[in-house]
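Bear in mind the structure is a predicted one, so any value in this text is a computation, not a measurement.
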Amino acid sequence: MDKLLALRGGAEAVALFAQLSSVGDVVAGISLAGLGGGLAVLVAQEANAERRRELLRAALSIGLALSLAAALAVLAAALAVGSGILPLGIVAAAALVGWIAVVPGLLNNYWVGRERRDAQLALAAFGLLVGVAAAAWAPPGRILEWLLAAQAAPALALALVWRRRSGPPLDARQAAALRRFILPSIAIGVLSPASMLAARALVAGALSWHDAGVLQALWRVSDWIWSFASGVLGVLYLAQMGSAHQRGELPQVIRAATRAVLLPSALLFALLIAFHGPVIALLYDDSFEVSGAAAALFFAGGVLRVASWIPLFGLYAMSRTRAIALGELLSLPLFVGLLALCGDGLTLELAGAAWALSFLAYALFNYWAMRRR
């Protein structure tokens with residue numbers, strides 16, 4: 001999809017769609033970032049099928065309410081301070097798409113807890129195919145709007161699997177356990193995408209929107225590895241961690257996840273450092289140039305980001321929601337703060353150093369929080 005964006009609109013189109021995606025992520029992430037992980041853990045720990053479905057219903061009620069408030073806040077902010085280079089109408093559409101995305105997002109987390117990998121794969125494949133088709137066939141000048149419409153399409157998946165209520169509602173204990181994840185959901189869901197918005201804007205202000213597009217290309221290339229890492233952690237290990245914590249066996253699962261995820265990720269990032277030039281040119285075009293130093297720093301930070309996620313998933317399994325929320329300040333918000341300190345002297349190399357330093361701090365904090373008694 002990014003390749004099609006680059007061919008049809010250049011680096012600026014890549015950066016602008018990333019900004020719109022971050023708007024949607026602010027709205028959806030306030031529900032999915034913490035509440036989604038909590039739902040997966042609680043579903044994995046629940047043996048009763050109807051209770052699991054009640055957990056999903058309760059999560060949807062909470063999540064849609066949280067994300068509606070976030071969507072209204074985004075619209076109010078856009079009206080108050082302006083929407084920048086993007087039209088106000090398309091920013092509003094991105095907020096609406098983010099609210100709709102809560103439905104398939106929480107459904108996917110429910111399937112994570114149930115270890116329904118077939119359903120997860122079908123949902124992901126449907127979303128990707130619709131997105132690529134929209135990028136390829138959108139009329140000239142309308143590609144951003146078509147891509148937003150494509151992002152809303154997976155919400156239809158819920159209509160295919162929803163069942164009518166047949167059992168009692170959640171008991172007070174389960175409801176309270178689910179509500180505990182609201183705090184990290186708000187912290188991560190707001191801070192992460194808002195930080196990405198701010199980071200691209202800071203780079204565009206100090207350098208150009210083309211350089212912001214190059215920065216986005218580095219992140220999107222990293223996504224090939226991050227998606228693998230987060231997918232393995234979420235699909236294979238999150239439910240295992242939730243069950244293992246009840247039995248006192250979480251450290252063994254953490255070690256297994258580290259071997260399965262971190263070591264291959266480090267190897268793949270090392271290959272990207274060596275061959276970043278032809279890879280980025282192939283996935284985008286020859287105008288997406290980045291120095292070897294900047295690429296090495298960003299990809300080294302990519303390894304540290306994967307390293308930070310392993311104990312983060314452990315914290316979810318342990319329901320250490322305050323630590324999850326506090327640690328979020330040491331990831332993307334710290335990165336944005338370091339970019340702001342650079343001011344007009346910002347370069348992509350300095351941005352890469354800030355990226356690596358931020359995720360080193362985040363990884364160290366998460367390991368410390370997980371091991372703290």
Which pair of non-hydrogen atoms, one from A95 and one from V74, has the smallest distance, and what is that distance? CB-CG1, 4.4 Å
For W368, does the six-membered ring have the charged nitrogen or CZ of R371 within the cation-pi criterion, i.e. under 6.0 angstrom from the centroid and within 45° of the normal? no
Flag side-chain contact, heavy atom, 4.5 Å: L123 against P104: yes
Distance-minimising heavy-atom pair for L297 and A353: CD1-N, 3.7 Å
Ignoring hydrogens and geometry, is there a side-chain-to-backbone donor-acceptor pair from N366 to S308 under 3.5 Å? yes
Do you know which two heavy atoms are closest between A351 and L346, and how far apart they sit? N-CD1, 4.1 Å
No-hydrogen, no-angle side-chain donor-acceptor test under 3.5 Å, E328 and S192: yes
Do the side chains of P311 and F365 get nearer than 4.5 Å, heavy atoms only? no
Are the side chains of V203 and V214 in touch, meaning some heavy atoms are under 4.5 Å apart? no
Here the pair of heavy atoms bringing W99 nearest to L64 is NE1-O, 3.0 Å
Shortest non-hydrogen contact between L148 and A93, atoms and distance: CD1-CB, 4.1 Å
For F181, is there any backbone N or O sitting under 3.5 Å from a side-chain donor or acceptor partner on T321? no
Got a donor-acceptor contact below 3.5 angstrom from the Q151 side chain to the V97 backbone? no
For the residue pair S67 / S31, report whether a side-chain donor-acceptor contact shorter than 3.5 Å exists. yes
When you measure from the side chain of S208 to the backbone N and O of A204, does any donor-acceptor pair fall under 3.5 Å? no
Atom CG of residue position D344 - does it have more than 12 heavy atoms of other residues, nucleotides or ligands inside 6.0 Å? no
Compare all side-chain heavy atoms of L250 with those of M241 and state whether any distance is below 4.5 angstrom. yes
Please step through side chain to side chain contact (heavy atoms under 4.5 Å, CB included) for the pair W355 and L304, ending with a clear verdict. CA-CA 9 Å; W355 180 258; L304 292 168; over 6 Å; no
Would a 4.5 Å heavy-atom cut-off, applied to side chains only, mark H245 and V41 as touching? no
Does the structure place the NZ or CZ of R305 under 6.0 Å from the centre of the six-membered ring of W226, at an angle of no more than 45° from the ring's axis? yes
Should V112 and L121 be regarded as members of a common hydrophobic cluster, given that ILVMFWY residues are connected when their side-chain heavy atoms come within less than 4.5 Å of each other, either directly or indirectly? no
Less than 4.5 Å apart, any side-chain heavy atom of I254 and any of F313? no
Step-by-step side chain to side chain contact (heavy atoms under 4.5 Å, CB included) determination, R57 to S61: CA-CA 6 Å; R57 292 187 179 97; S61 297; 5.6 Å; no
Using a strict threshold of under 4.0 Å (side-chain N to carboxylate O), is an ion pair present between E115 and R117? yes
Got R179 and I62 here, is their nearest side-chain heavy-atom distance under 4.5 Å? yes
Student check: side-chain heavy atoms of S265 and V261 closer than 4.5 Å: yes
Pair R114 + E46, salt bridge at N-O below 4.0 Å: no
Contact summary for D118 and R116, nearest pair of heavy atoms: OD1-NE, 3.1 Å
Determine whether a donor-acceptor pair (N or O, by modelled atom type, separation under 3.5 Å) exists between the side chain of Q240 and the backbone of L236. yes
Is the ring pair F298/W219 parallel, tilted or perpendicular, if the boundaries are 30 and 60 degrees? perpendicular
